Number of protein chains: 2
Amino acid sequence: MMLSKTCDYGIRAAIFVAGRKDQQFTPIGEISEQLNISFHFLTKILQRLTQESILKSYRGSNGGVALARAAHLISLKDIVSAIDGDNPFGACLLGLNQCSDHNPCPLHEQWNLIRKKMESLFEKTTLAKLATATTAKRFRLTDLTEP
Amino acid sequence: MMLSKTCDYGIRAAIFVAGRKDQQFTPIGEISEQLNISFHFLTKILQRLTQESILKSYRGSNGGVALARAAHLISLKDIVSAIDGDNPFGACLLGLNQCSDHNPCPLHEQWNLIRKKMESLFEKTTLAKLATATTAKRFRLTDLTEP
DNA sequence: CAGATTTAAGACTCTTTTGTCTTAATATAA
DNA sequence: TTATATTAAGACAAAAGAGTCTTAAATCTG
Ligand code: SF4
Ligand code: SF4
């Protein structure tokens with residue numbers, strides 16, 4: 001799977017937060033309940049996003065987390081970078097180091113086309129788009145329970 | 001990184017074996033040396049490929065591993081499936097279950113385009129193509145040591 | 001047969017990822 | 001002020017991935 005689970009959870013939570021009507025703070029407990037993610041685990045992940053200034057947080061009653069800036073200014077890549085580290089597309093298929101057009105493995109040319117598309121998708125896709133799409137078209141952010 | 005390290009090693013070793021001039025058995029020791037992969041670890045990985053009938057092996061002097069069928073009949077997908085399990089492209093970005101066009105997450109449409117391309121690349125790319133390209137164009141199968 | 005070579009099998013260790021839990025800090029509200 | 005709600009921080013545990021090592025089995029060579 002492309003991204004770590006940690007990263008998946010972070011993205012899903014961020015979309016959820018971005019989709020809130022009122023821009024109040026959303027308690028992590030509510031997010032974890034809605035998305036069916038362990039509360040404590042999600043807390044750690046969102047702390048990371050808070051440290052990276054993608055979310056802001058507030059403690060105490062009526063506290064929670066909220067986007068640190070407008071949803072259209074937060075890309076998927078921002079979140080992935082914050083959680084999984086710099087370039088999740090740097091290494092790839094064969095996991096070789098120092099990949100470049102100059103010293104390629106035999107898959108490089110074909111793979112690079114796909115990789116570029118992925119990178120572009122992650123850069124262009126913002127939380128605003130994802131949140132709007134999610135609520136408008138009733139997309140899901142959780143696993144299905146029914147077979 | 002898309003694939004597990006185990007899978008990377010398996011692919012690289014398979015390309016190396018496919019690229020051998022004589023279709024004799026290639027000792028794993030030689031592969032591990034050339035590709036700079038731990039001998040014991042590689043042995044375990046190639047055992048897997050042997051069990052899955054992608055390689056055949058022979059013990060004793062002049063033993064080693066060889067392709068179990070013609071190189072143009074072994075696709076990358078065959079190798080990936082044998083090592084990392086069925087469909088490495090089944091789940092994806094958000095890691096949700098039961099993904100389909102009917103019950104999508106908000107990234108589904110965009111992502112599916114890319115995923116299809118990946119799947120097709122893995123299905124179309126055979127060891128024959130990779131081995132030929134590697135030897136003809138001097139592509140590399142190993143990490144670079146020089147900075 | 002004896003010795004060398006090479007894969008097979010599986011136990012074992014180390015590291016990373018994933019997940020849980022406890023305690024502390026901060027804020028609100030009664 | 002006291003109780004309650006909530007994030008912060010970090011220790012800890014469990015599971016999976018990556019890698020090592022030892023012993024056994026098969027095969028060839030002399
Ligand atoms: S496809 Fe390109 S970037 Fe990926 S491992 Fe090969 S050389 Fe490196
Ligand atoms: S993009 Fe499609 S296949 Fe991937 S997690 Fe979303 S719904 Fe599932």
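Chain naming here is simple, since letters A, B, ... match the order of the sequence lines and numbering starts at 1 in each. Given the structure is predicted, the values throughout are model-derived calculations rather than measurements.
If you check every strand for non-hydrogen atoms under 4.0 Å, A:Ile28 touches sugar and phosphate atoms only. Within 4.0 Å (heavy atoms only), B:Gln51 reaches sugar-phosphate atoms of the nucleic acid but no base atom.
Side chain of A:Asp84 to main chain of A:Leu3: no donor-acceptor pair is present (N/O by atom type, distance under 3.5 Å, no hydrogens or angles). Without hydrogens or angle criteria, B:Ser120 side chain to B:Lys116 main chain gives no donor-acceptor distance under 3.5 Å. Checking side-chain atoms of A:Thr50 against main-chain N and O of A:Leu46 turns up a donor-acceptor pair under 3.5 Å. Judged by distance alone, the side chain of B:Thr125 and the main-chain N or O of B:Phe122 form no donor-acceptor pair under 3.5 Å. No side-chain donor-acceptor contact under 3.5 Å links A:Arg115 to the backbone of A:His108.
For B:Lys44, there are no side-chain contact (heavy atoms from CB on, under 4.5 Å) partners, not counting sequence neighbours. A search for side-chain hydrogen bond (donor to acceptor under 3.5 Å, both in side chains) contacts involving A:Glu123 returns A:Lys77, not counting sequence neighbours. Every side-chain contact (heavy atoms from CB on, under 4.5 Å) that B:Gln110 has, sequence neighbours left out, goes to A:Leu121. For A:Ser75, the side-chain hydrogen bond (donor to acceptor under 3.5 Å, both in side chains) criterion is met by A:Asp78, not counting sequence neighbours. For B:Gln24, the side-chain contact (heavy atoms from CB on, under 4.5 Å) test picks out B:Asp22, with sequence neighbours left out.
Residues B:Ile74 and B:Leu35 are members of one and the same hydrophobic cluster, defined by side-chain heavy-atom contacts under 4.5 angstrom among Ile, Leu, Val, Met, Phe, Trp and Tyr.
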Detail all sub-3.5 Å separations between protein N/O atoms and N/O atoms belonging to nucleotides 13-16 of chain D.
none

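Stem analysis of DNA chain C (Watson-Crick or G-U pairs, both distances under 3.5 Å, runs of at least three) returns C:1-30 with D:1-30.
The two residues B:Ile31 and B:Ala13 make their nearest non-hydrogen contact at CG2-CB, 3.9 Å.
Other cluster members for B:Tyr58: B:Phe25, joined by side-chain heavy-atom distances under 4.5 Å among Ile, Leu, Val, Met, Phe, Trp and Tyr.
Within residues 53-65 of chain A, the residues that place at least one heavy atom under 4.0 Å from DNA chain C are, in residue-number order, A:Tyr58, A:Arg59, A:Gly60, A:Ser61, A:Asn62. Using a 4.0 Å cut-off on heavy atoms, the residues of residues 35-45 of chain B that approach DNA chain C are B:Phe39, B:Lys44, listed by number.
With contacts defined as side-chain heavy-atom distances shorter than 4.5 Å, the pair B:Leu55/B:Leu67 qualifies.
For the ring-ring contact (aromatic ring centres under 6.0 Å, His included) condition, the pairs that include at least one residue of residues 36-56 of chain B, sequence neighbours left out, are B:Tyr9-B:Phe41.
Summarising the geometry, the separation between CD on B:Gln47 and P on D:dA26 is reported as 14 Å, rounded to the nearest angstrom. Look at CD1 on A:Ile31: it is 12 Å from C1' on D:dT6, rounded to the nearest Å.
With a heavy-atom cut-off of 4.0 Å to chain A, the contacted part of DNA chain C has its first and last nucleotide at C:dT18 to C:dA29.
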